[in-house]
Amino acid sequence: MYYLDNAATTQVLRGAADCALDCMTNNYGNPSSLHLMGLAAEEVLDKSRRELACVLKCKPCELYFTSSATESNNTAVFGAALRNEPKRKKIVTSRIEHPSVNTAVNELEKRGYDVVKVDPKNGGYRACDFVDAVDKDTALVSVMYVNNETGLVLPVEEIAKGVRAKNPDTLIHIDGVQAFCKYDISVKDLGADMFSVSAHKIHGPKGIGALYLKEGLKIPSLIYGGGQERNFRSGTESVPLIAAFGYAVNQMNKIRKEAFLHVLEINKYLKRELANIKGIEINSGDNASPYILNFSVAGIPSEVMLHYLEGCGIYLSSGSACSKGKKSGILPILGYSKEREESSLRVSFSYDTKKEAADALLTHLNRGIKDIIV
Ligand code: PLP
């Protein structure tokens, strides 16, 4: 079996799973309890928070655990909007955001916000187009670091710098899910007010994420209750998942540079070989993260080839599926034809991807093209 769908999710590290198990069966106290077991559970939260802070280069007190990056993104978008009501009612974002930002801003648009979705130019994004869209009424600029379908890297630092210079009151949120533990990130140097991450893209478990909120920034909560996470995100903290998240962050950060180079090598190899196969066109440009490679197979619908490859033990994604095959429309936004979108596939790598997986993919793609087309 060859798993080439790491942008969708990753295998949980054994050590991370062990941490979770320990917090379920042994160290199972509630961090809000005042006794020793409560304190031990609280120490688990603190440790994981420190691990994340170390990687994002911020203070532990600037991080809040959430149920997912979807929740982090929703909290950032709605929080920035509500904080400014009724003063600033404009939101600027890109046209290629993940649905957890895109549908959140659509909801704000329905409620009367002025939402500007910046279009790409020549298959990429320019910081000046975001800055131009910002005015005195802009509450938030929300932009992703790495696009999850093509790997396109957006100029987030330049965007934040330009926006800050134009309107210092505009908040900047970065969806960092596909960049976290892959790029060297300093939320301060990036100029982010808010930054979202998720555990299951970095070999941690599903159902746990975090939101960086710059020290001193106050935005309204989405979830009210017992006042956990310093009164910002109520609900008993998922200590097992948070323990596993901290472990995964620490491990993945330790191997970040070598993993990046390893993935880059496989990506370059696969890209080169794919270019030699008749009918294959690459949809990830030179400005893409090496972790994601999107391509189209002319004349073969994504799902047909995806299931053919599945039959050969190769697991990847349809190149522009947002959920269960529904097309996201992002490839046409980036300038590719509808036909190219309909036949697109996404492979996504991780530190444990072997060159053998790329070779198996090439062999079966070649066979598939012959078998399916005739
Ligand atoms: N943002 C991006 C760029 C993503 O790729 C994803 C997951 O696919 C998310 C947000 C949502 O993350 P989660 O699955 O933790 O809700």
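Both counts, for ligands and for their atoms, begin at 1 and track the order of listing. Being a predicted model, the structure only gives us computed values, none of them experimental.
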- Task: Looking only at distances, please establish whether an N/O atom of ligand 1 is found under 3.5 Å from an N/O atom of A7.
- Result: no
- S100 touching ligand 1 at heavy-atom level, < 4.0 angstrom: yes
- Message: Side chains of Y183 and S289, heavy atoms from C-beta outward: is any pair under 4.5 Å?
- Response: yes
- Does S302 use its side chain to pair, donor to acceptor, with the backbone of E342 at less than 3.5 Å? yes
- Task: Kindly say whether G227 contributes a backbone atom to a donor-acceptor pair with the side chain of S234 at under 3.5 angstrom?
- Result: yes
- Message: Within a 6.0 Å radius of atom CG on N122, are there more than 12 heavy atoms belonging to other residues, nucleotides or ligands?
- Response: no
- Which of the atoms of ligand 1 are close to K201, meaning less than 4.0 Å from one of its heavy atoms? 6 (C), 7 (C), 8 (O)
- Item | Ion pair check, E43 and K47, cut-off under 4.0 Å | no
- Query: Of the protein's non-hydrogen atoms, which lies at the shortest distance from atom 16 (O) of ligand 1, and what is that distance?
  - Reply: T70 OG1, 2.5 Å
- Query: Do side-chain atoms of Q228 reach the backbone of G235 as a donor and acceptor pair under 3.5 angstrom?
  - Reply: yes
- Query: With a cut-off of 4.0 Å, which atoms of ligand 1 are near a heavy atom of M144?
  - Reply: 3 (C)
- Given the options N294, D5, T150, R346 meets side chain to side chain donor-acceptor pair (under 3.5 Å) only with D5
- Message: Can you name the atoms of ligand 1, numbered from 1 with element, that are less than 4.0 Å from a heavy atom of N148?
- Response: 3 (C), 5 (O)
- Among all protein heavy atoms, pick the one closest to atom 5 (O) of ligand 1 and tell me residue, atom and distance. Q178 NE2, 2.8 Å
- Query: How far is atom 4 (C) of ligand 1 from its nearest protein heavy atom, and which residue and atom name does that atom have?
  - Reply: H98 CD2, 3.4 Å
- Message: According to a hydrophobic-cluster definition based on side-chain heavy atoms being under 4.5 Å apart (Ile, Leu, Val, Met, Phe, Trp, Tyr only), do F195 and F65 belong together?
- Response: yes
- Query: Applying a 4.0 Å heavy-atom criterion (strictly less than), which segment of V101 is in contact with ligand 1: side chain, backbone, both, or neither?
  - Reply: neither
- Task: For atom 3 (C) of ligand 1, find the nearest protein heavy atom and state the residue, atom name and distance (0.1 Å precision).
- Result: D175 OD2, 3.4 Å
- So, does H200 sit close enough to ligand 1 that a heavy atom of it is under 4.0 Å from the ligand? yes
- Item | Sub-4.0 Å atoms of ligand 1 with respect to non-hydrogen atoms of S198 | 13 (P), 15 (O)
- Tell me: protein heavy atom nearest atom 12 (O) of ligand 1, and distance? A69 CB, 3.3 Å
- Message: Please verify the inter-ring angle class for F245 with F180; under 30° counts as parallel, over 60° as perpendicular, anything in between as tilted.
- Response: perpendicular
